[in-house]
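Each remark here refers to the structure printed beneath this line.
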Protein chains: 2
Amino acid sequence: MSSSEKAFNALGDPTRRIIFEKLRTSPLAVVHIAEGLSISRPAVSQHLKVLREAKLISIHQQGTKNIYQIDQQGILAMRSYLDSFWDTALAAFKSAAEKTEDHE
Amino acid sequence: MSSSEKAFNALGDPTRRIIFEKLRTSPLAVVHIAEGLSISRPAVSQHLKVLREAKLISIHQQGTKNIYQIDQQGILAMRSYLDSFWDTALAAFKSAAEKTEDHE
DNA sequence: ACTTACCGTAAGTACAAACTTACCATTAGT
DNA sequence: ACTAATGGTAAGTTTGTACTTACGGTAAGT
């Protein structure tokens with residue numbers, strides 16, 4: 001399973017997107033990530049594991065707390081996947097358009 | 001449900017990513033999209049609906065054939081979502097780093 | 001008009017994965 | 001040493017969703 005595949009799978013879940021977005025402004029401990037969420041803390045832990053394996057977040061310990069923060073690797077993987085569609089899709093679109101249109 | 005949310009949900013499924021990638025090089029009719037896939041054609045139709053509602057693909061008819069092609073809207077939505085993480089996550093990372101490091 | 005090719009939708013099933021509770025491990029503080 | 005705080009994992013349940021088959025509907029060809 002490629003890097004971007006894991007990332008797309010991970011962000012395919014709404015709850016994981018919410019968790020991911022919580023880390024946008026600053027790193028957070030698990031307790032704080034779980035705050036306000038309607039699911040149990042173990043469920044949050046399981047989501048964090050998926051996000052971590054997709055390299056969308058990274059962890060570092062601080063005493064008894066596990067601090068999670070955004071990891072750029074996963075984001076980069078998704079970006080380049082999407083970019084790989086960009087030009088080729090545009091070319092495909094053009095060639096399709098040129099069948100009905102005529103010049104320029 | 002926002003535009004990017006639908007797109008992430010759509011590309012969260014491996015089969016839909018395969019279908020999406022099949023359209024990378026050129027637009028295709030449903031029959032050709034289903035070729036080589038191990039699922040039934042109606043299943044493909046259902047996936048196409050999800051991708052279409054996420055604005056990741058668009059459709060245009062050609063006789064009795066329904067031709068699908070990449071739609072840039074969905075890709076753009078995902079890109080800007082990811083980009084919105086870019087700077088802020090970087091800033092968060094920096095501020096975290098500055099606590100342990102000291103200058104520059 | 002009839003047949004063939006193409007494809008979407010409905011309804012029901014089966015399975016993956018998102019949950020829960022229960023438990024255990026580690027660290028910090030007293 | 002004991003307690004409290006933090007959080008990961010195991011096992012089992014439940015639910016969402018990716019499938020299937022069956023059907024209907026439209027367009028093109030004869």
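Chain letters run A, B, ... following the sequence lines, proteins first and then strands; every chain starts at 1. Only heavy atoms go into these numbers, but all of them, side chains included; no hydrogens, no water, no symmetry mates.
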Given dC19(D), dG8(C), dT9(D), the nucleotide with the shortest approach to the side chain of Q46(B):
dC19(D)
side-chain N/O T15(B) vs dT17(D) OP1/OP2, d < 4.0 Å
no
From W86(A) atom CH2 to Y81(A) atom OH, the distance as rounded to the nearest 0.5 Å:
14.5 Å
Of the listed dT20(D), dT9(C), dC6(C), the closest approach to the V31(B) side chain comes from dC6(C)
Closer than 4.0 angstrom, basic N to acidic O: yes or no for D83(A) and R79(B)?
yes
Looking only at side-chain N and O atoms, does S45(A) come under 4.0 Å of OP1 or OP2 in dG7(D)?
no
Are any of N66(B)'s side-chain N or O atoms less than 4.0 Å away from OP1 or OP2 of dC6(C)?
no
Nearest-Å distance, CG (N9(B)) to P (dG16(D))?
14 Å
Mind checking whether L56(A) and D71(A) have side chains closer than 4.5 Å, heavy atoms only?
no
Find the distance R52(B):CZ to dC7(C):C1' and express it as a whole number of Å.
12 Å
Could you give the NE2-to-P distance, from H60(B) to dC6(C), as a whole number of Å?
16 Å
Rounded to whole Å, please give me the gap between NE2 in H32(B) and P in dA5(C).
13 Å
Hey, is the main chain of L11(A) close enough, under 3.5 Å, to the side chain of R17(A) for a donor-acceptor pair?
yes
Whole angstrom value for the distance that separates P of dA5(C) from CD1 of I67(B)
17 Å
Once you apply the 3.5 Å cut-off to both distances, tell me the Watson-Crick or G-U wobble partner of dT30(D), or none.
dA1(C)
Distance, rounded to the nearest Å, where Q61(B) contributes CD and dA27(D) contributes C1'
9 Å
Counting only side-chain heavy atoms from C-beta out, which of dT20(C), dA18(C), dC6(C) sits nearest to D13(A)?
dA18(C)
Side-chain N,O (H47(B)) to OP1/OP2 (dC19(D)) below 4.0 Å
yes
I want to check one thing: is the phosphate of dG8(D), taken as OP1 and OP2, less than 4.0 Å away from some side-chain N or O of R41(A)?
no
So, is T64(A) near the phosphate of dT27(C), with a side-chain N or O under 4.0 Å from OP1 or OP2?
no
Taking it one step at a time, do I57(B) and Q69(B) satisfy side-chain contact (heavy atoms from CB on, under 4.5 Å)?
CA-CA 5 Å; I57(B) 60 177; Q69(B) 63 178 279; over 6 Å; no
Verify the contact: side-chain N or O of Y68(A) to OP1 or OP2 of dG8(D), cut-off strictly under 4.0 Å; return yes or no.
yes
Spacing between K65(A) atom NZ and dA5(D) atom C1', to the nearest angstrom:
9 Å
Could you give the NZ-to-P distance, from K49(B) to dA10(C), as a whole number of Å?
7 Å
